[in-house]
Structures are given as C-alpha cells and as structure tokens.
Amino acid sequence: MRIIDFRSDTVTKPSPEMWNKLKTLDNSNLGDDVEGEDPTVNELERKAAKLVGKEAAILASSGTQGNLISLLSQTSPGDEILIEERSHIYKWEVGGAARLGGLMVRTFPSNKGSFIPSKLQPLIRHKDIHEPVTSLICLENTHNDHGGIALPISLFKETESFANKNNLKIHLDGARIFNAAVALNQPVTEFTKFVDSVQFCLSKGLSCPIGSILAGSSEMINKARKFRKMVGGGMRQAGIIAAMPLVALESKWIARLAEDQKNAFRLYEGLLDSGLKINVQKPDTNILMVGFPENAPMSKIIELLNNDGIKTHDTDQRIRFVTHYGLNEDDVDYSIEIILKTFKKFFDSF
Ligand SMILES: Cc1ncc(COP(=O)(O)O)c(C=O)c1O
C-alpha cells in the first residue's frame with residue numbers, strides 16, 4: 001500500500017547533496033566538540049550564527065534541548081517567564097522549564113499566535129517584595145499548534161519595545177522560522193534582530209537527520225554551552241551530525257520550503273469544498289489543520305486514515321497535516337482523494 005506520511009516534517013530524510021557532503025568527511029574534519037575542537041561543528045555554528053545575524057551559535061541535539069538551554073542561560077531559578085498558552089515550550093517540552101530551570105511559567109492567550117504585547121503589562125511582576133521577577137518572554141514562529149501561522153515582523157518589533165520597557169529577554173522558538181521567513185518573503189534576520197536568542201530546527205523542514213541551533217550573544221552562548229553539557233548534550237566527534245546541516249543552510253535549500261507551503265495549500269484546496277462537517281484552516285506555511293466536531297472520536301478517524309495509508313496526528317479535535325521534503329504534488333493529489341473518501345466513511349458511521 002502507498003503510505004503518505006503527513007505526521008510531521010521531522011520524518012524527512014536527507015537530500016542526495018547532504019549525503020554527498022557527509023561522504024566528503026574524513027578524520028581531519030572531526031574533533032572533540034566538548035573541547036571545541038570539531039572543525040565541522042565550528043563551521044556550522046559560525047555559519048548558523050551569521051545566517052540569523054547573531055554573534056554566536058551552538059549545536060543542540062534537538063529543538064527541546066535548544067529551547068531549554070536558552071531559558072536556563074537567560075533566567076534564574078524562581079523567575080517567571082511569559083509564554084503564549086499553546087506554544088510548544090509550554091505544551092510539549094515535558095515541563096523542562098519548571099523542572100530543570102525552576103521557572104514559573106505564566107501563559108497568556110492569543111489570536112492564532114498573535115497578541116498585543118503592551119496588553120501583557122499587568123503580567124509583569126517584580127516590584128512588590130512578594131513577587132517573583134518576570135525576566136523573559138517567548139515567541140514561537142511559525143506557530144505550530146495554531147496551524148503553522150507565520151507571525152509578522154510587527155509583532156517582533158512590538159515585543160521588543162515591551163521587553164525593553166520591562167527589562168525582559170526575548171527567546172524565539174523558531175523551530176520553523178525559515179518557513180515563516182519564506183512565507184512572508186523576508187530575510188530571517190528581519191525577525192531575529194528583535195530577539196536575544198533564537199532556536200531553529202535542522203531536523204524539520206530543513207530535512208537534516210539530527211539537531212537544532214541556538215543562536216544569540218557570545219556571552220549567552222557560552223553559558224548555554226555549559227548548560228548543554230549539564231543536560232548531557234556535550235557530544236564528541238559531532239562533525240558527523242554537523243556536516244549535513246552545512247548543506248541545508250544554503251539559501252536554495254531554505255527557499256525549497258516554498259514547495260512545502262504550496263503543497264499544504266494544494267491539500268487545503270482539495271479538502272475545502274467537501275460538504276463534510278470539517279473546518280479546513282487556510283495554511284500560512286507547511287501545516288494544515290482540519291477541525292472536527294467536538295464529539296467526533298479523533299482516534300477513530302486517525303486509525304481509519306492510517307488503515308488507508310495516510311499517517312497523521314491529531315490535537316484538540318483537529319487533524320494536523322504537515323507537508324515536507326518527503327512529499328510531492330502527486331502525493332498530495334493522491335492523498336486528497338483517499339482523505340475525502342475516508343472522512344466520508346467516518347462521518348457516515350458516526
Ligand atoms: C515549535 C516547536 N518547537 C520546538 C520543537 C521541539 O523540537 P524537537 O522535537 O527537535 O525537540 C518542536 C517540535 O515539533 C516544535 O514544533
């Protein structure tokens with residue numbers, strides 16, 4: 001059976017160019033990265049920092065680790081941090097900020113990821129002797145759980161002035177920041193220049209097998225290096241991991257993300273006028289959310305799709321379809337037919 005995997009862009013495998021790059025390595029390209037001696041990792045960190053306009057960068061094993069070491073480096077235990085209520089750091093990172101950072105996490109709502117930073121003023125605490133210190137605010141772009149929403153530069157600018165006024169650091173969970181940059185046709189630095197730190201994933205739309213980058217000031221990255229060691233992320237001959245991302249960070253590979261966006265839109269158009277009780281959210285980038293009625297048994301529809309070769313995940317009465325390097329136009333067209341048939345079968349039986 002033909003299998004189409006829409007679960008995530010994390011399922012992607014490397015391009016032929018990435019494999020070729022890996023094959024060029026020999027021992028002269030490797031060293032002990034805990035000692036700062038791996039030339040391939042060093043090259044990647046330099047290249048990544050430059051790309052997002054920061055002084056320094058560090059290779060982390062995952063997006064979760066990159067976000068965590070950023071928070072640890074820029075806060076003190078007992079601080080409060082502000083996070084949008086459906087952001088990945090709050091929902092899906094095992095509460096690491098609280099458990100490992102000793103942080104109080106205060107959430108705020110948004111309109112599909114967008115909010116007015118100045119309206120968060122009442123959340124800022126530190127003046128009264130009884131209060132913790134609010135020290136950092138997080139942004140997420142694209143916003144995964146709201147459906148891959150590409151948040152505009154204006155939000156970054158407003159967040160920066162709010163943060164300056166209140167002495168807050170800004171961390172950007174930019175797991176998919178390049179998807180946002182491509183969607184809004186802006187250089188990535190137009191977003192990152194407003195934040196103190198940015199984490200972006202190599203192993204999502206950029207299709208590398210492993211890793212994330214955390215970038216920021218040299219001082220912050222030096223601290224993050226120590227925290228990465230603390231959480232067991234100090235790796236040795238990590239050039240093996242860093243080689244493929246050197247190819248992925250080239251501009252033509254980043255520009256390829258537009259294809260994923262086109263395919264998500266193609267899927268959206270294909271599912272739009274089905275006459276079924278679904279809410280198909282117009283995608284900004286490579287994530288398409290399809291909402292189901294409140295009482296619909298989501299595990300059933302996921303199982304039915306899976307039985308028909310369509311792999312997806314659900315969250316909060318929505319199915320999330322993610323397009324990526326592993327899927328082309330033909331896969332999408334084929335899927336539309338199967339998905340509609342399966343949805344119909346589901347609604348007929350429910
Ligand atoms: C927005 C966002 N941030 C962070 C992460 C964490 O990345 P990882 O799975 O590499 O830990 C993800 C993963 O899906 C994500 O979507």
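None of the values given here were measured: they were computed from a predicted structure. Numbering of ligands and ligand atoms starts at 1, following listing order.
- Taking the six-membered ring for Trp and the full ring otherwise, F6 and F321 have centroids separated by under 6.0 Å.
- Counting heavy atoms closer than 4.0 Å to ligand 1, residue H143 contributes nothing at all.
- For ligand 1, the polar-atom distance check finds an N/O of D173 within less than 3.5 Å of one of the ligand's N/O atoms.
- Checking only distances, K204 does come within under 3.5 Å of ligand 1, N or O to N or O.
- At a heavy-atom cutoff of 4.0 Å, ligand 1 is contacted by no atom of Q65, backbone or side chain.
- Listed by atom number, the atoms of ligand 1 under 4.0 Å from E140 heavy atoms are 1 (C).
- For E37, the CD atom is densely surrounded, since the number of other residues' heavy atoms within 6.0 Å is greater than 12.
- Note on residues 284-307: no pairs pass salt bridge (charged side-chain N to carboxylate O under 4.0 Å, His left out), not counting sequence neighbours.
- Remark: minimum distance from atom 12 (C) of ligand 1 to any protein heavy atom is reached at H88 NE2, 3.2 Å.
- At a heavy-atom cutoff of 4.0 Å, ligand 1 is contacted by the side chain of N144 but not by its backbone.
- Comment: R266 engages D333 in a salt bridge, judged by a side-chain N to carboxylate O separation of less than 4.0 angstrom.
- Listed by number with element, the atoms of ligand 1 under 4.0 angstrom from any heavy atom of S62 are 10 (O), 11 (O).
- The contact set between ligand 1 and T64, taken as ligand atoms under 4.0 Å from a residue heavy atom, comprises 6 (C), 7 (O), 8 (P), 11 (O).
- Residue-ligand proximity, R176 to ligand 1, at heavy-atom distances under 4.0 Å covers atoms 15 (C), 16 (O).
- If you look at F346 and F343, their ring centroids are not closer than 6.0 Å.
- Against a heavy-atom cut-off of under 4.0 Å, N67 is close to the following atoms of ligand 1: 4 (C).
- The atoms of ligand 1 that sit less than 4.0 Å from any heavy atom of G63 are 6 (C), 7 (O), 8 (P), 10 (O), 11 (O).
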